[in-house]
Amino acid sequence: MLCHDCHLVIPEPEDGSEAICPRCCARVHMRKPNSMTYTWALVITSFIFLFPANLLPIMRVDYLGSQDYSTIMDGIIYFFKEGSYGIGIVILTASVLVPVFKIAGIILILLSIHFRWESWLRHKTMMFRFIEFIGRWSMLDIFVIALLTVLVNFGFFSTISAASAATYFCCVVISTMLAASTFDTRLIWDACIPSDQDQEVQS
Amino acid sequence: MPASLLIRTKRYKVEMETPVKKKKRGISPIWILPAVALVIGAWLLYKGIVQRPITVIVHFHSAEGITAGKTKVMYKGLPIGYVKEISVDKGMDSVSVILAMSPKTKEGLVTDVKFWIVRPEITAGRISGLETLLSGSYIAVLPGISKIPCREFQGLDAPPPVPENAPGLHIKLRTDALNSIQRGSLIYYRDVNVGSVQDYVMENGGGIIIDAYIEPEYKNLVKPGSRFWNASGITLSGGLSGIKFHMESLSTLVSGGISFYTPETLDHQLPAENGHVFKLYKDYDAAKYGIKVLLKMETGEDMVEGLTKVIYRGLEVGRIKKVRINDNDKKYKVTAELLIDPAAERILRKGTKFWVIRPRVGLGGIQNIGALVSGPYITFVPGEGPPCFEFKVQGSHSKEILKSGTFYRLATSDLSSLEPGAPILFKHVRVGEIASYRLNPDNSVDIVFIIYDQYVRLINRKCVFWNYSGMNMEVTPSKVEINTGSLRSIMTGGVAFDFPRKLYGKKLKPVKQGYRFKLFNSFDDAVKHVPGLKPGVTFVKLVSKGPVSIRDGSPVFYKNVEIGQITQVNLDGKHDRIVVTAFLKNRFLKLINNSTRFYVTSGVNVKGSIRTGLEVQSAPLASIMMGAVSFMNPESKTAGKSGKNRGRIKRNQTFKLYKSLKDALAADYVPVTIHFPDAQDLAVNSKIKHHGIDIGYVQKVSLEKNMKTFLVKALVEKDAAGLFTTGAMVWVVKPEISIRGIKNLGTVVTGPYINVQRGPGSRTTDITGLASPPLIQKTLRGLDIVVEADTLGSLRRGCPVYYRRVRIGTITGYRLAPDARGVWIYLNIEDRFTPLIRKNTHFWNASGIRVDAGLFSGIDVKTETVEAIIAGGIALATPEGDEMGPVVSGGHHFRLYDQPEDKWLKWKPAISLKGQDHRGYPANMAHRPHGFGR
């Protein structure tokens, strides 16, 4: 085992308990500890938050005294109705498809590890890399709202403010990103290790 | 692989440390995150379920303005739901609006909940739902009171009325016409909104019943006796006496409204009950409360329902409400229904008399001018007796005299415009009024007037009354001053009185009631009879034979200062003279004595001649406009002759009034008669001059009886009368224009005048004038000599006489010698130069240019002065030493040579002149004018 901090090679503890580098006191482990657990927990969290984020209104528009709430889908539908398909697609992708894709992808990978599916391992790795890459774009909606909130602030005439779903949407994005970062890609490939070895690794 | 590396690896392997072991904990804390997410999610889910909107279907006739997903359901300004979906009902006659209502409304959604759509509504009478212009229409809800839940409703087209059982007061108003009242029109009490119109229905009888709702807190304001009126719109009424502009609040103007008030007398009543029916009056005035009184009258002329007022002592106490024909009575065909203010109730007695006051416009003035504007009104005098509510209108009635006082009488021949009620004024203070008048059997008029108690002390036997027109306009060029009494006194006239000022402050004997005074026509008339009314002035009479351009009020000026005024211009008893009465202020009286001459000033006086220029003298503008009288005192030597003339003048002394200043000045001129063979452009006012000085003027020019000669009557100054002697020469001076110059140019402008030249003989006033100026004119001074010439040549009267080219004299005339062998030319040598003329003096004709030209001598040009070249002249030379001879006397004859001998020109006699001017000026210049012109 190699200490990631001071690169001291230390033997793997036999009993599978957590090892600490005798030289620099860093935690030393073969795989990220509890990676699966963390990822699962975060993915589940983001999955739960996905619903309020999409069902509750994300933006409140006050226009001449009348309030108007709109959910993410309302906005997308609005853009499509207006004929701005490009923007509609971008928002649809960034706000709906990407989080769903991320959650679905991570869950798929987790399940494949769990059930030790050996096929498509390389594709899964590539997919995970893509998920990590795309994670940084999923805040697009929040940025749009933040910008609008600042730009459209004309008191009585017209005001835009974030509504409750924005929080949940943030939670979704944050938890998916965390999930992606806590996941250890090597686990995917552990599926190829023979069962005994795997046992060893797992323990 | 090198061995060393292997060894090193080995060494490390050997030395590889064992990691510190850490115990593995149980469940990872990361699971808190999904747990929290779950909790939040669950909570959101719960909330979503619990707060799930209640779906309600409302059927509307029209879903205009409603948008699915947007339109809200509002209750008291708060959104309690929104429109979820809109669909057309099966029958296509209505729409179903599916509402998502807030779960809080669950209990409230009962059978009688009312829904209606609030849209912006702008009609002529009403603006409502203005807020929906921006926010869009919304659906309003009125909660019900039922307990049965319901999810399907019938929407209303208009806001529902307040339910009958809602707290507050529900009343009904009956009216004939709805006017601009509509559902939602507000009800005001003292301009405070206390309720609204809920609904209205047509009655069977054609009337309209309005359902009105009064808010609970104002419920007690409505009494059974309250009066409601339609407060919509603007009421504008009035006239000269003022304009009344009545407008309820602006909102009632737009949406209509109802106001009400409770008469004070009915304020104690209990509040009205629900369902009480009130009458809705047309307007505020109609709603007024009063006691009904029937008034029978002969004619309903000018009686306007609702407008004609009942006025008692200037206060409105009621109005005519209705006028109708009454067939029962033969004389009183019209019955008017009056509404009298309850406060005036106790006035309504059997003895009370009513009559109508109408404006009267006539030549005599306008009476009751207020009524002219506000229309005739009804007034009354309270009487005694039991209460009564039916009266008959009396005919004309003298105005009631409201103040107590003492009655007196005025005797006059003519009532003029005086009417009962006209004021009696003392220094413009109303101290009484005319009560009545009566025609006496002898056709004179007796006026009875009353002097109010507090002024009775002013009345004494010396009081003078005159008819006072009320307006006194004084126009002077510097200002226009109008003094008026009150408008009323202008219109109705009046009587003013005063008494002599010296009696002011003295204890005066009062006059007993009923004393008869004389009424004068005007103040001036009164002043004439009682001069003491105008203190500090003295009256004089001015008598003129001819017409004068002055009139009453013309000023009397002295040096343009007004010192008095003309009060009257009249013909005297024989109608041939004009008698002008004027007063003069006493402080100027010393300017006037018995010899003072008054004359009429003619505004502008233009004097002028070529020499003196034009002089325009203007009297004060006032005298130009109205004419004026001025006066002058003749020279003191005239007045001084008799000392008594200097004394103060008497009152009403008579003076002669001259037509002009000239006439006044000429008052002591002496008349002279001159006979001229030719009138020669003479005219009245042509001047008579002696040596250039005016001594008189022509008064009259006429043809004499012989039809050949003219008679000129002239006036000359007394002092100058001595000039007119039997030998005096009188001729007319006219402008003469000839090659030798223009003579008497001045007369072109001033006209010809008569020149008088003194002559011998005794004084006379009848003299014959010369047809032309005399050839030889007498001069005042100098030496007159004669030169004898063969021909006159170019010599004429006025030509100069030169000595050494210095002018020393003038040719004054010429004539043929008595034997016709030559011409006698008369010269006048100026006084100073007379020593130059000696017995042996030689004279020669200096006219023209003498040119001697010879082959060897060249050209020799000899002239006297240029003047002499043109006009001709005579030059002279006197020999030196003893040759000159003695000084000649006047009338000496000399010979006039054609040209001088050379030796004459060389003579240089030393002769001392008379009164030589040593200052070096040519002394003859000063006298030069004497040499010209005549």
Side-chain angles (χ1 to χ4, degrees), chain A residues 1 3 8-23 25-29 33-53 55-56 62-70 74 156-157 164-165 167-168 171-172 174-175 178-179 182 203, chain B residues 8-49 51-53 65 67-74 77-79 82-83 100 120 130-138:
Chain A
M1 254 178 9
C3 172
L8 176 71
V9 178
I10 50 171
E12 197 180 329
E14 294 302 317
D15 54 353
S17 62
E18 201 176 1
I20 289 171
C21 175
R23 191 166 65 185
C25 289
R27 290 181 180 176
V28 182
H29 44 70
N34 301 323
S35 173
M36 287 288 283
T37 321
Y38 278 37
T39 309
W40 266 119
L42 289 165
V43 164
I44 289 166
T45 310
S46 64
F47 180 74
I48 294 167
F49 280 136
L50 195 60
F51 292 97
L55 296 177
L56 292 178
D62 290 318
Y63 178 70
L64 290 175
S66 71
Q67 295 177 352
D68 204 353
Y69 292 94
S70 56
D74 286 339
F156 171 76
F157 296 103
S164 52
T167 317
Y168 301 120
C171 292
V172 170
I174 290 165
S175 47
L178 284 175
T182 53
S203 61
Chain B
R8 197 182 291 169
T9 311
K10 245 189 173 146
R11 187 168 58 93
Y12 273 99
K13 174 116 181 147
V14 171
E15 289 176 9
M16 195 162 65
E17 296 171 50
T18 51
V20 179
K21 286 179 186 173
K22 203 181 166 191
K23 270 200 174 173
K24 200 181 174 183
R25 278 180 239 151
I27 296 172
S28 166
I30 193 71
W31 287 105
I32 293 169
L33 274 180
V36 167
L38 257 181
V39 169
I40 291 172
W43 178 66
L44 286 174
L45 192 66
Y46 168 78
K47 216 172 86 176
I49 291 165
Q51 300 196 345
R52 193 187 54 195
T67 318
K70 281 269 167 73
T71 305
K72 294 187 172 63
V73 181
M74 308 284 273
L78 284 174
Y82 64 96
V83 173
L130 208 59
E131 72 277 11
T132 58
L133 270 180
L134 296 176
S135 59
S137 304
Y138 60 86

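Naming: A, B, ... by sequence-line order, numbering from 1 per chain. Because the structure is a prediction, the values reported are computed rather than measured.
- Heavy-atom distances place both the backbone and the side chain of B:Leu38 under 4.5 Å from chain A.
- Contacts with chain A were tallied for B:Leu44, B:Ile32, B:Leu45; B:Leu44 has the most, counting heavy-atom pairs under 4.5 Å.
- With a threshold of 4.5 angstrom between heavy atoms, A:Tyr168 approaches chain B through side-chain atoms but not through N, CA, C or O.
- A:Pro52 is not listed as a side-chain neighbour of B:Ile40, based on a closest heavy-atom distance of 4.5 Å or more.
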Working for side chain to side chain donor-acceptor pair (under 3.5 Å), residues A:Thr39 and A:Thr182: CA-CA 6 Å; A:Thr39 309; A:Thr182 53; 3.2 Å; yes

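- At a 4.5 Å heavy-atom cutoff, the contact between A:Tyr38 and chain B is made by backbone and side-chain atoms alike.
- Side-chain atoms of B:Thr67 and B:Val83, non-hydrogen and from C-beta on, never get closer than 4.5 Å to each other.
- To the nearest 0.5 Å, the span separating SG on A:Cys21 from CG on A:Leu8 amounts to 4.5 Å.
- No part of A:Leu55 comes within reach of chain B, as not one of its non-hydrogen atoms sits under 4.5 angstrom from that chain.
- Between B:Pro34 and A:Ala41 the shortest heavy-atom distance is CG-O, 3.4 Å.
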